[in-house]
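Heads up: the structure comes next, in structure tokens.
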There are 2 protein chains.
Amino acid sequence: MKYKIKSRIWIEADDNVLLGEGRVALLKAIEETGSLSKAAKSLKMSYKKAWSLIDALNSRAQKQVVITSIGGKGGGGAKLTPYGKNLIDAFDTINQNCWAFLDKEMKKQLYHDF
Amino acid sequence: MKYKIKSRIWIEADDNVLLGEGRVALLKAIEETGSLSKAAKSLKMSYKKAWSLIDALNSRAQKQVVITSIGGKGGGGAKLTPYGKNLIDAFDTINQNCWAFLDKEMKKQLYHDF
DNA sequence: TGTCGCTATATTTGACAATATATAACGATA
DNA sequence: TATCGTTATATATTGTCAAATATAGCGACA
């Protein structure tokens, strides 16, 4: 029997979720596609949900994370601010450190308890 | 603006959840009340859900975690095995270490990114 | 052997979240 | 000014999961 430890981290601002794994994945997809609707499609997420997530993120973060534009050539688009890119990196770093930490913690306990 | 980092950890066996925060809370309540139905009530959880959680836990863990008895004086009851108590302690330890670790990680990033 | 409070299990009901659908607005470009 | 693909927003529908409800079974004990 193989036991695995898993985790999920997120960051809250005023008891509201600011950033979690789902939003980070969405931000990455926006970075790749340059569009909110394409990013949503690539994650098999409804456009509405993607829009809501980004809207909440933009309004709660201390700086704008995603810049959207309506109309014009190509109909519009969405792209990350430099601050947004930093957010992704910071989150990923913490998340990976956390995984590594938990694996170590698990090994400490493994032979006694699980 | 105050940012907080939160986390949730759980342990899987064969891609099924074995133990998470909810089940640990339930185990603690069973330890206190000596009864599955009372434990469920104290957590405002339906009996059915509590029973399902414990059933899954017992069948997937390598040793029995909760011992139930039907009928007899008082109608029956439920109590933890020593192994079950170890499980709670191990989980709590890892969980608290994880919180402390994440707080430290967050402080590392805080002034740059969040 | 009847009572009691609990475990064990199935079935129905209901709430809420996720999804789908529809439509308006937008601005560069031709 | 007509077209285009996108953002932005409201509404309707669907699906899923939790909760409520119902009922059977159990064993010590009086």
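So that the names make sense, note that chain A is the first sequence line, chain B the second, and so on, each numbered from 1.
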Note: chain A reaches DNA chain D at heavy-atom distances under 4.0 Å over the stretch, first to last nt, 5' to 3', of D:dG5 to D:dT11
List the residues meeting side-chain contact (heavy atoms from CB on, under 4.5 Å) with [X], not counting sequence neighbours, and say none if there are none.
{"X": "A:Lys49", "answer": "A:Met45, A:Ser46, A:Leu53"}
{"X": "A:Ile70", "answer": "none"}
{"X": "B:Trp10", "answer": "A:Lys6, A:Arg8, B:Glu12, B:Val17"}
{"X": "A:Ser7", "answer": "A:Cys98, A:Trp99, A:Leu102, B:Ile9"}

Mind checking what makes salt bridge (charged side-chain N to carboxylate O under 4.0 Å, His left out) contact with [X], not counting sequence neighbours?
{"X": "A:Lys38", "result": "none"}
{"X": "A:Lys41", "result": "none"}
{"X": "B:Lys4", "result": "A:Asp15"}
{"X": "A:Asp92", "result": "A:Lys28"}

Hey, does A:Glu21 have a side-chain heavy atom less than 4.5 Å from the side chain of A:Asn95?
-> yes
Please list, pair by pair, any protein nitrogen or oxygen found under 3.5 Å from a nitrogen or oxygen in nucleotides 2-12 of chain C.
unit_1, atom_1, unit_2, atom_2, d
C:dG5, O3', B:Gly74, O, 3.4
C:dG5, N2, B:Gly75, O, 2.9
C:dC6, OP1, B:Lys38, NZ, 3.2
C:dC6, O2, B:Gly75, O, 3.4
C:dT7, OP1, B:Leu36, N, 2.5
C:dT7, OP2, B:Ser37, N, 3.0
C:dT7, OP2, B:Ser37, OG, 3.3
C:dA8, OP1, B:Thr68, OG1, 3.0
C:dA8, OP2, B:Trp51, NE1, 2.7
C:dA8, O5', B:Trp51, NE1, 3.3

Contacts of type side chain to side chain donor-acceptor pair (under 3.5 Å), residue A:Ser37, not counting sequence neighbours = A:Ser35
Looking at DNA chain D, which of residues 19-32 of chain A put a heavy atom within less than 4.0 Å of it?
-> none
